[in-house]
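To keep things clear, I will list the structure first and then write my remarks on it.
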Protein chains: 2
Amino acid sequence: MNTDHRSGCPINLSLEVFGDRWSLIILRDMIFGGRRHFREMLNGSIEGIASNILADRLKRLMELGMLTKADDPSHKQKAIYSLTEMAITLVPIMAHLGAWGRVWLPVSEELSIRAELLENGGPPLWERFMDELRHEHLGAAIDQEGPTVRATLQAGYEAVVARKAEAAAG
Amino acid sequence: MNTDHRSGCPINLSLEVFGDRWSLIILRDMIFGGRRHFREMLNGSIEGIASNILADRLKRLMELGMLTKADDPSHKQKAIYSLTEMAITLVPIMAHLGAWGRVWLPVSEELSIRAELLENGGPPLWERFMDELRHEHLGAAIDQEGPTVRATLQAGYEAVVARKAEAAAG
DNA sequence: GCAACTGATTGCAAAATGCAATCGGATTGC
DNA sequence: GCAATCCGATTGCATTTTGCAATCAGTTGC
């Protein structure tokens, strides 16, 4: 891990971690899209990440302690990437970034419904989501009933897509 | 302003705005350091930004609607850069970034005390700070008494510096 | 056996970055 | 009045990072 930093300022150090155009996108897809495998991230990326950039960022995020990699027992060549607690605690930052972007930038309705739901849910929903991620990625115990936060966000997305398709057809 | 985007996802669009190593640093110095002039930002930058990068980012941030530029009446050659509401509403994101960095990254004590105070103050303090910035940069009215938030943060920083100097001397 | 799929790696062109020097005009010190 | 300094940049150039397409060797399904 690289240890020479521009300064010890927390905002600067945070920027040194994900102050580029891809690292947070990869983490977003893992957190909200549930992506765990290289090909999933590569082909599922709506922004169209290149394979060498993806490989480089995954390596970098592992060196920084944001991700871990493990063998997939179902396929000798498959690797499963997992979020660490360090990455899971980015959820509130993602929520704020999404909320800010929804206000000031030309977001599309179907891609911003998740951000809206996350914003409306507030810190309690973020905590519940982080507990789900700890369960999925760290094997932590979980005691929640009902649909998962990710499924709820996904359902919201699909409802918008369906409504827009209906509006276009009818 | 560039209008072709990788996707309409709010997190992606936010990254397209400040997903680089300098834009947020410049905004941080304006917000927390009170910097308004080119030379102030150039010479006061602890991370050592280059003049061409600074000029490029200032221009870019203006095109994106995050900054405005005006003549300084006290000096015909000086330009005063002002934050727009769009940039002022980044304060909560800055606060979260700072809080996250303080937990997970090798921050220095003197440069992270501001982040700690901001985190402890929570959303009410952020709102008060944003009102100060609206007053300074947008000419909005303000009805607050006592020391400014920025002065309070600055006092905290100087207290740490003084304490460390004393500890080193004694 | 062989096509499809796995997580990558390589080569190369283009863009971004870092750094030092410099610009013309404005202001300050004296 | 005049030199030194300060103003917001701009230029040139070497280095680094990025984006894209092609490719790799091992694994799996059939």
Side-chain angles (χ1 to χ4, degrees), chain A residues 2 4-7 12 15-27 29-30 33-64 66-83, chain B residues 2 4-7 12 15-26 29-30 33 35-64 66-83:
Chain A
N2 193 3
D4 56 329
H5 301 290
R6 301 190 299 189
S7 83
N12 171 62
L15 275 183
E16 291 188 19
V17 171
F18 40 73
D20 73 275
R21 294 169 89 73
W22 291 111
S23 298
L24 263 193
I25 293 289
I26 293 169
L27 292 169
D29 285 350
M30 290 188 69
R35 310 272 159 71
R36 306 293 295 268
H37 301 293
F38 189 94
R39 286 285 156 174
E40 258 180 324
M41 304 184 206
L42 187 64
N43 299 330
S45 160
I46 51 176
E47 284 86 14
I49 191 169
S51 65
N52 57 342
I53 307 284
L54 177 58
D56 179 81
R57 290 306 187 282
L58 287 173
K59 183 179 154 201
R60 205 179 105 84
L61 289 170
M62 281 191 287
E63 288 168 355
L64 289 166
M66 308 271 284
L67 299 179
T68 57
K69 185 162 100 168
D71 292 338
D72 185 334
S74 79
H75 187 305
K76 281 191 182 166
Q77 229 175 353
K78 260 185 177 168
I80 300 185
Y81 291 91
S82 297
L83 302 167
Chain B
N2 192 6
D4 57 330
H5 301 289
R6 301 190 298 189
S7 84
N12 172 60
L15 275 183
E16 290 188 21
V17 171
F18 39 73
D20 73 274
R21 294 169 89 74
W22 290 112
S23 298
L24 262 193
I25 293 289
I26 292 170
D29 285 350
M30 291 188 70
R35 309 270 161 72
R36 306 292 295 268
H37 303 292
F38 189 94
R39 286 285 155 177
E40 258 180 322
M41 303 183 207
L42 187 63
N43 299 330
S45 159
I46 50 175
E47 284 87 13
I49 191 169
S51 65
N52 56 344
I53 305 286
L54 176 59
D56 178 82
R57 292 305 186 280
L58 287 173
K59 184 180 156 203
R60 203 179 106 86
L61 289 171
M62 282 191 288
E63 288 168 355
L64 288 166
M66 307 271 283
L67 299 179
T68 58
K69 185 163 103 169
D71 292 339
D72 184 334
S74 78
H75 189 304
K76 283 191 181 166
Q77 233 175 349
K78 262 184 178 170
I80 300 187
Y81 292 91
S82 297
L83 302 167

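Letters A, B, ... mirror the listed sequences (proteins, then strands); counts begin at 1.
Between the CD atom of A:Glu40 and the NZ atom of A:Lys78 there is a distance of 7.5 Å, given to the nearest 0.5 Å. Here OG of B:Ser45 is found 8.5 Å from CG of B:Leu54. Values are rounded to the nearest 0.5 Å.
Taking atom CG on A:Asp20 and atom P on D:dT16, their separation rounds to 18 Å, with Å as the unit. Rounded to whole angstrom, the span from the CZ atom of A:Arg60 across to the P atom of C:dT9 amounts to 16 Å. In this structure, B:Ile25 places its CD1 atom 11 Å from P of C:dG18, rounding to the nearest Å. D:dG19 atom P lies 5 Å from atom CD1 of A:Ile53, rounded to whole Å. Spacing between atom CZ of B:Arg57 and atom P of C:dG18 amounts to 8 Å, rounded to whole angstrom units. D:dC7 atom C1' lies 13 Å from atom CG of B:Leu54, rounded to whole Å. As rounded to whole Å, 22 Å separates atom P of D:dA25 from atom NZ of A:Lys78.
Taking both residues in full, the closest heavy atoms of B:Pro73 and B:Asp71 are given as CD-O, 3.4 Å, listed atom of the first, atom of the second, then distance.
Considering only heavy atoms from C-beta on, A:His37 comes within 4.5 Å of A:Ile80 through its side chain. Considering only heavy atoms from C-beta on, B:Met41 stays 4.5 Å or farther from B:Ile49 through its side chain.
Under the rule for a salt bridge (Lys or Arg N to Asp or Glu O under 4.0 Å), the partners of A:Arg6 that lie at least two apart in sequence or sit in another chain are A:Glu16. For A:Arg21, there are no salt bridge (Lys or Arg N to Asp or Glu O under 4.0 Å) partners at least two apart in sequence or on another chain. A:Leu27 pairs by the side chain to side chain contact (heavy atoms under 4.5 Å, CB included) definition with A:Leu24, A:Leu61, A:Met66, A:Leu67, A:Leu83, A:Ala87, A:Leu90, A:Met94, not counting sequence neighbours. Scanning for salt bridge (Lys or Arg N to Asp or Glu O under 4.0 Å) contacts around A:Arg35 gives A:Asp29, with sequence neighbours left out. Under the rule for a side chain to side chain contact (heavy atoms under 4.5 Å, CB included), the partners of B:Ala50 that lie at least two apart in sequence or sit in another chain are B:Asn52, B:Ile53. With sequence neighbours excluded, the residues that form a side chain to side chain contact (heavy atoms under 4.5 Å, CB included) with B:Ala79 are B:Lys69, B:Tyr81. Shown here are the side chain to side chain contact (heavy atoms under 4.5 Å, CB included) partners of B:Gln77, two or more places apart in sequence or in another chain: B:His75.
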For nucleotides 11-15 of chain D, list the nitrogen or oxygen atoms of the protein found under 3.5 Å from its nitrogen or oxygen atoms, one pair per line.
none

Considering only nitrogen or oxygen atoms on both sides, find all protein atoms under 3.5 Å from nucleotides 2-4 of chain C and state each distance.
none

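A:Lys69 comes within contact range of the sugar-phosphate backbone alone, with a heavy-atom separation under 4.0 Å but no base atom that close.
DNA chain D is contacted by both B:Leu58 and A:Asp56; B:Leu58 maps to the nucleotide lying nearer its 5′ end (nearest heavy atom per residue). Heavy-atom distances to DNA chain D give each of A:Arg39 and A:Arg21 a nearest nucleotide, and the one nearer the 5′ end belongs to A:Arg21.
Identified under the salt bridge (charged side-chain N to carboxylate O under 4.0 Å, His left out) test for residues 47-58 of chain B, with sequence neighbours left out: B:Asp20-B:Arg57, B:Arg28-B:Glu47.
With B:Arg60 contributing its side chain and B:Val17 its backbone, the two residues share a donor-acceptor pair below 3.5 Å.
One finds no side-chain N or O of B:Trp22 lying less than 4.0 angstrom from the OP1 or OP2 phosphate oxygen of C:dA16.
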Where protein sits on nucleotides 25-30 of chain C, one letter per nucleotide: B base, S sugar-phosphate only, - none, heavy atoms under 4.0 Å | BSS---
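Contacts with DNA chain D (heavy atom under 4.0 Å) in residues 40-49 of chain A: none are found.
For B:Ala50, taking side-chain heavy atoms from C-beta onward, the closest of the listed nucleotides C:dT6, D:dG8, C:dC19 is C:dC19.
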